[in-house]
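Everything below concerns the one structure shown next.
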Amino acid sequence: MFDLFGGMIGGVGLFFVGMWLLTENLKALASRRLRLIARRWTKSRLAAFGIGALAGVTTQSMSALTFIVVSMARSRLVSTRGALAIVLGGNVGVT
């Protein structure tokens, strides 16, 4: 029983550490030019939806896509509306 709870706590801990590392590295990587490109691509909800659909087809994993998009939103590469459109498009692409 202790092994089960220890494994669950360790898995959740690794998830949060990975999320934090990805967000911090995206913040360091995000130059002004990269921010402008990401915002230009996701300014239109239809364009962000298309990018999400393409990413969904490519990755075939909605959990990985959501993980990446949340990190991009937390590092302020994309807006919340753009992130939502990417996730919605990703659902279509994975399907």
Side-chain angles (χ1 to χ4, degrees):
M1 193 68 156
F2 181 72
D3 293 337
L4 177 68
F5 288 121
M8 286 176 23
I9 290 172
V12 170
L14 284 174
F15 172 75
F16 283 120
V17 167
M19 188 73 162
W20 178 77
L21 283 171
L22 184 62
T23 302
E24 291 300 315
N25 287 321
L26 272 175
K27 284 180 185 177
L29 180 71
S31 64
R32 184 172 184 255
R33 183 175 180 193
L34 183 62
R35 288 179 198 270
L36 288 174
I37 290 170
R39 287 197 179 139
R40 185 179 311 139
W41 284 355
T42 59
K43 185 177 11 175
S44 164
R45 281 186 248 171
L46 186 60
F49 185 85
I51 290 170
L54 182 65
V57 166
T58 304
T59 62
Q60 286 296 305
S61 172
M62 205 51 222
S63 58
L65 182 62
T66 303
F67 188 76
I68 292 168
V69 171
V70 167
S71 295
M72 289 173 64
R74 287 189 63 194
S75 63
R76 298 180 194 228
L77 278 175
V78 296
S79 66
T80 306
R81 285 185 179 193
L84 180 61
I86 291 172
V87 169
L88 290 174
N91 281 321
V92 171
V94 168
T95 303

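Worth knowing before you read on, the calculation uses all heavy atoms, side chains too, and leaves out hydrogens, waters and symmetry mates. Position 1 is the first residue of the sequence, and the numbers go up from there.
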Which value, rounded to the nearest 0.5 Å, describes the distance between [X] atom [atom1] and [Y] atom [atom2]?
| X | Y | atom1 | atom2 | answer |
| --- | --- | --- | --- | --- |
| Ile86 | Arg81 | CD1 | CZ | 14.5 Å |
| Leu22 | Ser75 | CG | OG | 8.0 Å |
| Arg35 | Arg32 | CZ | CZ | 11.0 Å |
| Phe16 | Leu21 | CZ | CG | 13.5 Å |
| Leu14 | Ile9 | CG | CD1 | 12.0 Å |
| Ile37 | Leu34 | CD1 | CG | 6.5 Å |

task: Decide if atom CG of Leu46 counts as having more than 12 heavy atoms of other residues, nucleotides or ligands within a radius under 6.0 Å.
output: no

- request: Measure across Ala48 and Ala85 and return the closest heavy-atom pair with its distance rounded to 0.1 Å.
  value: CB-CB, 3.6 Å

query: Nearest heavy-atom pair of Ala55 and Leu65: which atoms, and what distance?
result: CB-CD1, 3.6 Å

- prompt: So do Val78 and Arg39 actually touch side chain to side chain, heavy atoms under 4.5 Å?
  reply: no

message: Within the 4.5 Å heavy-atom criterion, are Arg74 and Val70 side-chain neighbours or not?
response: yes

query: Which other residues end up in the same hydrophobic cluster as Phe49, if Ile, Leu, Val, Met, Phe, Trp and Tyr are linked when side-chain heavy atoms come under 4.5 Å apart?
result: Leu84, Leu88, Val92

- prompt: Met62 and Val69: same hydrophobic cluster, using ILVMFWY side-chain contacts below 4.5 Å?
  reply: yes

- request: Give a yes or no on whether Trp41 and Leu36 share a hydrophobic cluster (residues Ile, Leu, Val, Met, Phe, Trp, Tyr; joining criterion: side-chain heavy atoms under 4.5 Å apart).
  value: no

